[in-house]
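Here is the structure we will look at.
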Amino acid sequence: MKNGFRQSMAWLHTWTGLLVGWLLLLIFMAGTASYYREEISRWMRPELPRSAVSTDEAAQRAADYLLANAPQAESWFVTLPQPRNPAMQMFWRLPEALADPSKGRRGAFGDATLDPNTGTELKARETRGGDFFYRLHFDLHYIPVLWARYLVGFCAMFMLVAIITGVITHKKIFKDFFTFRKDKGLRSWLDFHNVSAVMALPYHAMITYTGIVTLMIMYLPWGVNAAYGTDQDAFYAEAFGGLPEVTAPAEGKAAPLPMRQLLDSARTHWHGTEVAGFSVANPGAANAVIDIRQRDGKRLSIDTPALRYDMVTGALLQETPPSGGATATRGVLYGLHLARFADWGLRALFFLSGLTGCLMVASGVVLWAVKERPKHAKSGRTGFGLRLVDALNIGAVAGLPIAFAAYFWGNRLLPLGLAERSNAEANVFFYAWGASLLAAFIWPKRMMWAWQLYIGAAAFVLIPLVNALTTHAHLGVTLFNGDWALAGFDLSMIAFGAMLALCGWRMQRWTPPLTAAEKKKRAAAAAATKAPADAVEAEASA
């Protein structure tokens, strides 16, 4: 560690950023994509129609379907069509006597996706859609969830340290924001890293800190253990509120009230706020109750209010209790991280800030290699550490876009009837990323950067073409119908491809600027060449 406080902070900034940089880039990219996970999920299930009916009609059709197809279920759970997600999804829990033991825990549940316009079941392709990226950015993949979340938390804490030390290190942080020197080698990379860091600095600090807060109980469980012992359920009931689980068994039979009447009661109680979905306990029984969930709106907190009604009489039985100070604070911080409250403009700003964070992390890991390369050039050989960092930089910075594009290709090209199709799509993502990493380790040179960037560009640009060849929801249809969610996805893929192509073109034609030592060496060689020529000229003139 260097002497002096600022030098020590610079050392800490470098190593906390580098050690977790490549995994942090995956987390940032997947988390940034999650801002549009609803739109991604919709594009990846082109069989889903746009909803043209009211919430009340959709809810009634869901209840009618469940009464006909799951009358013996203990409970129903329904997600109604939303502005960003037209799907009407539901699942139900069966009594233990009707569960299929061969399927394990899944045997006790059923599920369906309905067309809200007709109430008929849709056979949409199996996919995780945008939820794959959402889960990937904190659960990773292939490794146990608990380990993954500890690893992600470790990376987030390192990121927070890197942000704080970065601010301390840069005395002229605001001046650096307006400074970019083009084609200056190391200086250009440093300027780019500073600009990408300062441009969205409040966002970077917020998203990192709130990401840690979302899993704070897992990282710091000792207070809960000391106060509640082994009764963890009591802590969650007191800390996070919510309606208690219905444990009373079904009694008798009775016809429920129309869904419109129940939903109208909830909307009146919430002064007009719309409904997101509902769950029913003991459906069809005389003591059936319905929990109606409020739709996310402009509320910062992630905590969603709910109302419990008697489904036969319509009497309001319970409502979500008001949150305490700690619970409300946690809910707001969690809500800031997910940004479900954001309208289209604010969501786009969050997305662009996330992309800036990706550029900050990417430029940081590349900057280390650029700084180290002159030291290795003096010895005439590239050391193992630099070669390793070069390979990881190529495989992460240039290879991850290939993996993201491959995931979308897999959604369109894998057979629709393939078993475990959603897992196969995830495998395509990691196969593509693994191939990119392997190629980078085999030949970690500058041209590998260009090739992988070009491959990523072609993969993104061709996504709308693959979409047009395999589905009916292509640009020729979505633009004409004004379906900007699907059309925007295809146009975004073209834009990402164009940006990657520009980066590949720049990398292919980039010439590293001369170092000070190389400039002196060339000047000395030029002077040595010029001296004999001057002597000959002087002799001839004499």
Side-chain angles (χ1 to χ4, degrees), residues 51-83 85-95 109-121 237 240-299 301 303-323:
S51 178
V53 299
S54 67
T55 301
D56 294 341
E57 290 177 282
Q60 189 61 60
R61 284 170 180 158
D64 293 342
Y65 176 89
L66 289 166
L67 278 171
N69 294 273
Q72 295 178 305
E74 291 182 341
S75 52
W76 301 336
F77 305 88
V78 178
T79 300
L80 295 170
Q82 309 291 314
N85 184 0
M88 184 158 64
Q89 297 172 300
M90 59 193 67
F91 67 95
W92 54 91
R93 185 172 59 196
L94 296 169
F109 294 90
D111 64 270
T113 301
L114 298 192
D115 181 346
N117 305 304
T118 63
T120 57
E121 187 173 355
F240 303 129
L243 297 174
E245 184 180 358
V246 176
T247 57
E251 297 176 357
K253 295 287 183 181
L257 292 174
M259 292 301 301
R260 180 187 297 273
Q261 182 176 337
L262 294 165
L263 299 188
D264 278 343
S265 296
R267 281 190 286 258
T268 300
H269 188 88
W270 290 325
H271 307 290
T273 304
E274 196 47 83
V275 174
F278 61 88
S279 58
V280 177
N282 301 324
N287 62 338
V289 296
I290 181 171
D291 294 347
I292 301 176
R293 303 186 305 278
Q294 189 180 113
R295 180 186 294 177
D296 290 323
K298 304 301 181 183
R299 187 180 59 254
S301 177
D303 297 327
T304 304
L307 299 173
R308 176 168 292 171
Y309 288 93
D310 186 306
M311 207 169 180
V312 177
T313 66
L316 177 61
L317 303 177
Q318 284 180 291
E319 62 179 303
T320 306
S323 300

Separation of [Y] [atom2] from [X] [atom1] (nearest 0.5 Å):
X      : Y      : atom1 : atom2 : value
Thr118 : Arg61  : OG1   : CZ    : 7.0 Å
Met259 : Thr55  : CE    : OG1   : 11.0 Å
Leu263 : Thr268 : CG    : OG1   : 10.5 Å
Thr320 : Arg293 : OG1   : CZ    : 11.0 Å
Asn282 : Glu251 : CG    : CD    : 8.0 Å
Gln89  : Thr113 : CD    : OG1   : 5.0 Å

Whether [X] side chain and [Y] backbone form a donor-acceptor pair below 3.5 Å:
X      : Y      : result
Arg93  : Ser75  : no
Arg267 : Val275 : no
Glu57  : Ser54  : yes
Tyr309 : Ser265 : yes
Glu274 : Gly272 : no
Ser51  : Pro86  : no

Would you say that [X] contacts [Y] through its side chain, given a criterion of any heavy-atom pair below 4.5 Å between the two side chains?
X      : Y      : value
Arg299 : Thr304 : yes
Leu66  : Pro283 : no
Trp270 : Ile292 : yes
Asn69  : Glu121 : no
Val246 : Arg308 : yes
His269 : Leu307 : yes

Task: Ala62 versus Met90, closest heavy-atom pair with distance - done: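 Smallest interatomic distance, heavy atoms only, reads CB-CE, 3.7 Å.
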Open item on the list: Minimum heavy-atom separation for Gly314 and Leu262, please, with both atom names.
Closed with: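 Of all heavy-atom pairs spanning Gly314 and Leu262, the closest is CA-CD2, 4.2 Å.
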TODO: For the pair Phe91 and Phe77, name the ring-plane relationship: parallel under 30°, tilted 30 to 60°, perpendicular over 60°.
DONE: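 Aromatic pair Phe91/Phe77 classed parallel.
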Open item on the list: What I want to check is whether the side chains of Asp64 and Gln60 have a donor and an acceptor closer together than 3.5 Å.
Closed with: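 Their side chains do contain a donor-acceptor pair, which is all the 3.5 Å distance test asks for.
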- [ ] Report the residue from Leu80, Val53, Asn117 that forms a side chain to side chain contact (heavy atoms under 4.5 Å, CB included) with Met88.
- [x]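 The side chain to side chain contact (heavy atoms under 4.5 Å, CB included) with Met88 is passed solely by Leu80 among Leu80, Val53, Asn117.
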- [ ] Answer yes or no: does atom CD of Gln318 have more than 12 heavy-atom neighbours from other residues, nucleotides or ligands under 6.0 Å?
- [x]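 Buried by this count: over 12 neighbours within 6.0 Å.
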